Each structure stands twice: as structure tokens, then as C-alpha cells.
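Take a look at the structure set out below.
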Number of protein chains: 2
Amino acid sequence: MARMSTRPAQRVTIAHVAQEAGVSRATVSRVMNGLATVDPEIGKRVREAAAKLNYSPSTVARSLAIGRTQTVAIVVPDLANPMFQETLRGLSRAAAREGYRVLVADSIENPDEEVILAREARRRCDALVLVSPRMDVAHLGELLPELAPVVLVNRESPVPGVPSLAVDYGAGIRSILGELARLGHNRIAYLAGPETSHGNQRRLDALHSLPASAPEVIEIPCGAMFEDGYRAREAVLGSGATAAVCFNDLVALGLLGALHEAGIAVPERLSVTGFDDIPFARFASPALTTVSVPQTELGEQAWARLWDLLNGREPEDDVVVTPRLEARASSGTAAAAATSVA
Amino acid sequence: MARMSTRPAQRVTIAHVAQEAGVSRATVSRVMNGLATVDPEIGKRVREAAAKLNYSPSTVARSLAIGRTQTVAIVVPDLANPMFQETLRGLSRAAAREGYRVLVADSIENPDEEVILAREARRRCDALVLVSPRMDVAHLGELLPELAPVVLVNRESPVPGVPSLAVDYGAGIRSILGELARLGHNRIAYLAGPETSHGNQRRLDALHSLPASAPEVIEIPCGAMFEDGYRAREAVLGSGATAAVCFNDLVALGLLGALHEAGIAVPERLSVTGFDDIPFARFASPALTTVSVPQTELGEQAWARLWDLLNGREPEDDVVVTPRLEARASSGTAAAAATSVA
DNA sequence: GGCCTAGAAGAAACCGATTTCTATCCCTAG
DNA sequence: CTAGGGATAGAAATCGGTTTCTTCTAGGCC
């Protein structure tokens, strides 16, 4: 049987080591944790016994005894999204420096599942990071206290004492629109994100409260993924807009791909902008004009807040990140684009 | 104190619920797990007590008692790499269907750290997935038995009984070279990946064992990331090659970006190919010619193997995926490109 | 009506660590 | 010479569940 060769030996516990070394379990524990003063001779004997038996302590038993798992969970709406991957990475690397590990839970854009997942994930871990929760504010307000310690990313906290690292989506949208206005665009298409997305709501709020002098904005329902942007080409072209402001970079890149296939010059006939500044944005051709959200850093900041909370310290103040405009080649002056209007 | 509002109430244990319902802890456990036959009246009382106290069982204690954590770990060399993100996603979603969660560990391309991480991660979880381990084959062979149940992704297993999901990198490279040869290229640059990457070794092996009729290959040290490809432009142009075969899609896209900035036409003056077919490849402009590795599916397959192992079943046979050529717009016929040679 | 059995719930052991409490030993100081 | 004190290591309680074993009750059958 091939499997036999890989079957691990019967688990070695602290009791086995204690017996082998001829000491009590307490002493083994002390030696393994380098605690108290233990006779060097005994310490040596214990370590040798542990090595001989290839002992490795049970993390689960240890967690139960000390009341900590040294693990935090992160709940994201969609693991396929580069933004959430960045947050995960930032969190994971920052937490690792403190010896903590990260458990991931992917709600697959399902707000109900999200609530269940968050509860369940929290029970397994010492703390929780909720990224862009899709649940409505009522659920969120109800849930947060029982999830504490918890940190919100990409959304404001409705509960005092729950730190949040938010992004000023409105400012981001306004800086993009400002840039496009400067370039002479006065008819702009907005490719909207998922309706459940809090970030999309904020972008829409910003669009709806623009001064009268701002460019006209046509809203086109779209989505959050490549494919959504790719499929939106005709809707955008049909709108007569000279620029397309996309919900995020993925949508923008999808649209760019579709435009390229149709031989439509960017930015000559249509300017395209994204949101987030994912790593690919800079390397797209044409390089994508977008606003940068330092998502990796938000992941690291989330860890810093959690670490404060876990140590009973008052966490640092909430942060509202203002995205920075990254004007690149995919946006240009609104020129003869009007010819595409009927 | 703002923090007070978020401090969770003293943990509610099964003993509290038992007392509240006036039954034993054993009965509460039976009710919570829907086991055995419990008097409906008592069941109701227990459930009410649990609800009233807002009881949620300790996963840690439960794990210790039943000897399972319902968690698996995945160790990747670099969380920033879309390929590994895909594997993670496939694994996470497949495991979730069985009620399992995933712990991530990022070795940041450090083979020593990788060994430590793998051991540590395994202790916390029921099983382990090692993705593209960078450690040498001796370490790997030594480590795998003690990590079992474990599954390898992107690398063959040197230990019988440890399932592996490998990619036939050689076949991938050969199909790319075949396509380029067909297009008339006879001087090709290979932008090599990290030296510790097993996948890179395999690609090199394939390149070194080509028939004499194959195109000439110039090897250029590069890397695995965007930036590496971006920086490689001059080396590629200086080599006089008419096509650049890149270690992976990231490198290819970085190179494409650099070429675009320099106004060098792709594929007219230089054909560029990638490896992996990450989601962005199709949407790049020009769309990237590459070979597809179904990494999400490998993640799902990894879960299937682990699930078999966890249930004492013989896992399905190892898989060696042959990447499929995706000929797109970034490769074309080798034409007047020879003019770039001195 | 009495005996046997099945079923339901409690008591207690267990999972594998940590940690408090206690007992012992040895050394020093009065 | 003995009481006090500090250092070590063992015994036992604890963490919060699960599960085996035991007890008790009630129902069925002769």
C-alpha cells in the first residue's frame, strides 16, 4: 500500500516526552517554552527526548490552554479581485511578523453568506478583518460588536470602537472627473459597479452631487470584473460619451481590450479611466489612467489596528485614504470624438 | 472609554448553557450537534438557553476533542503572484463546500522560511497544500512524510503516496517554440525566471534538449514579476532576437509595457509570449500569446486529493497538466525584425 | 404483577497543552 | 542547630468541548 509510507506515526504528546525524559509534563512545558529556571541538565534531557520522539506540540491544545489562537481571519467578497488579494497580502505579511497566521474566507459576493462566514471565522480566530462588506448597514451595526476585535477595510464603521480604514471614493471620482473636464470632456459614461457594493454607492453619490458646471454623466450598469467591462463596449460607444469612467481597473482593462479588438483608438476616440491602480494598470497599453488606492498598505494598517486591540491598547485613529490621481496614457483630450454621436 | 462598547462579554461556555437549561453539558453537546435522540422538550429548552445567552461553541475546544480542525493550510512562495492567488481561490472555494477553511502562509520566496512555515502551518491544520515549493528535492523528500496528509501543486512528488498536481512545463515551452518556429522565428530570447523556481528549471531543461532544427535560444536572466520584464527591454532588443519567450505572463506583460513606451511594435518588430494565461493575458493589448495553466482547477483538484486522504481513501491519480497554447495577437511572423541586429 | 430491555440523560474521562499550587531540597542567617 | 527563604519540579486544576460509561425510568411482554 503506497499510503502506508506516508501515514504519520501515532501523534507524540507532551506526556510521551515527559515519560521518555523521566520528568513531569509541567517540566516539559516549561522547557519547551523556555520559562522559569529549569536545571540545565534536565532541560537537556527533555530537549533530547523531544528531538528523539520528533515531538511537536499541539497548537490546538495550546490555543485552548492559553486562550489565543495566534490566528486572524479576513473575509473578502471575492478572492478573484486583485484589490482584495492585495489586502490579504498586506495583512498576511504584517501579521506574520508577529507570529500570527491568516485564515481566508471568500463570501463570493453573497451578503447572507458573508454574515455567516464572519461569525464562523471569528470563532476560530482571535480577531477579524472585514473587507468591503456587502451587508447592509443594519446588519453590520448589529454584527460588529459581537465580532470584536474587528477592523473594517474599505468601509466606514457605524460602531464606535471598531476601527475602519476607509477610502474616500467620492474624492477619487471627483479627481478623475476633474482631470477629464480639464481635458475638455463634457459627456462622460460611468460604468457602474455591483449594486451591493458600498464603494459603488459612494461613487454614485459623488457623481450625483457635482456642480452644474461639471460634465454630463451617463450611468451604465456594468459590474466589477473584466468580463463586465469587455461586454460594455457597445453601450459605451452608443452613449456618445467621449470618456468612460469605470468602476474599477478590472472593468477599465476589460473595456480597453474590447476597444482594442474593435480597432478603436484610446485615448483618441475614447478616454478610459479606472479606479484602484492595481499592479497591471501601469503596464496596460495604453497605460491606464486611474486613482491609486494603497490596498496592500490598508492590509498592513488593518493588522496594526488589530494588534493594538489584541494588546488592549487604544487603536490608532481611523484613516480615510484619499486616492491619488495617476494620469497615464489612456486619457487624453476630447477631440473629434463627437463624430461617434448620432 | 470607546473601547468598552466593543469589549465582548465574558465568554459563554457550554457549562453556562447547561446551567441555564438545567441539564448536563453532555446533553447540551448532543443538542448542538443534533446527535442521538433527545427529548424534544429538552432540546427546545437547550436551544432557547443557547439563544438567550448568545452561545457559540469554542471551535478550539471542539477541535481538540474531536481531533480535527476543519482547516487546511496552503503555502505559497509569493502571494503577489496571480497564479498562486488562483490556486488559493480554487482551494478555498472547493474546501468551503465541505465546511473547511483555508489558512495561508506566504514564504516570500525564501526556501528556508518555507520549510519552517510548512511545518508550523501543518501543525495548526488537518492537511497541507504546498504550491511550487522552492526548497530543494532533498529537503522536500525529508519533509513530506512528516507533513502528510499533503498535496503538491506545480511540482512532482519525490515521495510515493504524496499526490501531486504537476504542470508539464517542458511541453508548454515546446508548444510555444513550435508556434514561433512556424511563424519563422529562428533567434529567440528566453527571459528566465527565478533560479530557485522548479518551473524555471523545467523550462530550461526543455530548451536545452531541443532538436538541432529548432530556433536558436538566447537565455536572459530576468525574474518572475512585472518589474523584471519591464527592465529587460534593452537586454531583449540587444540580443537581436525576433521573439521573446517569457518565464511567465507577468514578465511578458511588463516587457510589453516597456516596449509600448518605447514605441516598439508588437508583434511586428518583436513577438512576445507568456506562460500561465493569467486572467489579464487575454485583455492585454496586444492580447498575449501564452500557454494556459488551469491554476484554479489545480487548487480544486488539490482539495479533492486532500479530501480523499482525510477520509482514508486512496487519492485519485496524480495529474500532469499539459498547458494549452493560446495563440493571440502578441505573436506574429518574423519579418524585417532582423534589421535590429547590428 | 414482575422482569427485562430500550432509551434518555447525567457523571466522568478524555483531548493535549498551560499554570497555579504545593512539596521538597538545599543553603544561609540568626 | 534550627527556622526561614529561594529555587525546582511534581501534582493537580484548568481551558471548553466530546464521548464513553453508568444510572434511572418507563414501557412491553409473559
Side-chain angles (χ1 to χ4, degrees), chain A residues 8-50 53-71 99 119-120 122-126, chain B residues 8-50 53-71 99 119-120 122-126:
Chain A
Q10 169 76 27
R11 178 152 193 82
V12 177
T13 77
I14 198 171
H16 298 138
V17 178
Q19 181 167 31
E20 173 76 21
V23 300
S24 73
R25 280 151 50 218
T27 300
V28 176
S29 172
R30 287 193 265 259
V31 173
M32 300 306 288
N33 293 300
L35 288 183
T37 42
V38 177
D39 186 301
E41 168 61 27
I42 293 191
K44 183 160 158 289
R45 225 162 67 213
V46 169
R47 264 183 293 275
E48 283 173 359
L53 299 178
N54 197 17
Y55 168 67
S56 91
S58 153
T59 321
V60 175
R62 177 164 215 277
S63 294
L64 178 60
I66 67 177
R68 278 178 295 124
T69 62
Q70 309 242 101
T71 304
R119 277 216 181 83
E120 203 247 38
R122 176 60 184 81
R123 280 203 323 236
R124 299 184 186 229
C125 302
D126 298 343
Chain B
Q10 169 77 27
R11 181 154 190 82
V12 177
T13 76
I14 198 171
H16 299 138
V17 178
Q19 181 167 32
E20 173 77 21
V23 300
S24 71
R25 278 152 50 218
T27 299
V28 176
S29 172
R30 286 193 265 259
V31 172
M32 299 306 288
N33 293 299
L35 290 182
T37 41
V38 178
D39 186 301
E41 167 60 27
I42 293 192
K44 182 161 159 289
R45 226 163 66 213
V46 169
R47 265 182 292 275
E48 284 173 359
L53 300 178
N54 196 17
Y55 169 67
S56 91
S58 152
T59 321
V60 175
R62 176 162 216 277
S63 294
L64 179 60
I66 67 178
R68 278 179 296 125
T69 62
Q70 309 241 99
T71 304
R119 277 215 182 82
E120 203 247 39
R122 176 60 183 80
R123 280 203 325 237
R124 298 185 187 227
C125 301
D126 299 342

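So you know, we letter chains A, B, ... as the sequences are listed, proteins then strands, and number each from 1. These numbers come from a predicted model, not from an experiment.
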To the side chain of [X], which of [options] is closest?
X	options	value
A:Ile14	C:dA17, D:dA12, D:dT19	C:dA17
B:Thr27	D:dA12, C:dA9, D:dT8	C:dA9
B:Arg11	C:dA11, D:dT18, D:dG16	D:dG16
A:Arg30	D:dG10, C:dG16, D:dG17	D:dG10
B:Asn33	D:dT18, C:dA17, C:dA9	D:dT18

query = What is the nucleic acid contact for B:Val28, judged by heavy atoms within less than 4.0 Å: base, sugar-phosphate only, or nothing?
reply = nothing

query = Counting only distance, no hydrogens or angles, is the base of D:dG17 paired donor-acceptor with the side chain of B:Arg25 under 3.5 Å?
reply =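 For B:Arg25, whose side chain was compared with the base of D:dG17, there is a donor-acceptor pair (under 3.5 Å).
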
task = Using only side-chain N and O atoms of A:Ser29, determine if any of them is under 4.0 Å from OP1 or OP2 of C:dT18.
result =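 Result: yes.
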
key: C:dG10 OP1/OP2 closer than 4.0 Å to side-chain N/O of B:Ser24   = yes

query = For B:Glu20, does the CD atom sit with more than 12 other heavy atoms under 6.0 Å from it, leaving out its own atoms?
reply =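 More than 12 heavy atoms, drawn from other residues, nucleotides or ligands, come within 6.0 Å of this atom.
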
[Y] backbone acceptor or donor facing [X] side chain under 3.5 Å:
X	Y	value
B:Arg124	A:Thr69	yes
A:Arg30	A:Asn33	no
B:Arg25	B:Ala15	no

Between [N] atom [atom2] and [X] atom [atom1], what is the distance in whole Å?
X	N	atom1	atom2	result
B:Met32	D:dG16	CE	P	15 Å
A:Arg45	D:dT8	CZ	C1'	13 Å
B:Arg123	C:dA17	CZ	P	10 Å
A:His16	C:dC15	NE2	C1'	12 Å
A:Leu53	C:dG16	CG	C1'	15 Å
A:Arg124	D:dG16	CZ	C1'	16 Å
B:Arg68	D:dT19	CZ	C1'	14 Å

query = Residues from residues 59-67 of chain A sitting under 4.0 Å of DNA chain D, heavy atoms only?
reply =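 Contacts with DNA chain D under 4.0 Å: A:Leu64, A:Ala65.
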
ask   = Under the side chain to side chain donor-acceptor pair (under 3.5 Å) test, which residues partner A:Ser56, sequence neighbours left out?
value =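 For A:Ser56 there are no side chain to side chain donor-acceptor pair (under 3.5 Å) partners, ignoring immediate neighbours.
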
inquiry  = I'd like to check the side chain to side chain donor-acceptor pair (under 3.5 Å) partners of A:Arg119; sequence neighbours left out, ordered by chain and number.
reply    =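 A:Glu146.
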
task = Please tell me if the side chains of B:Leu64 and B:Val60 come closer than 4.5 Å, counting only heavy atoms from C-beta onward.
result =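 Answer no - side chains too far apart.
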
query = A:Pro57 or B:Gly22: which one's nearest nucleotide on DNA chain C is closer to the 5' end?
reply =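 This one resolves to B:Gly22.
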
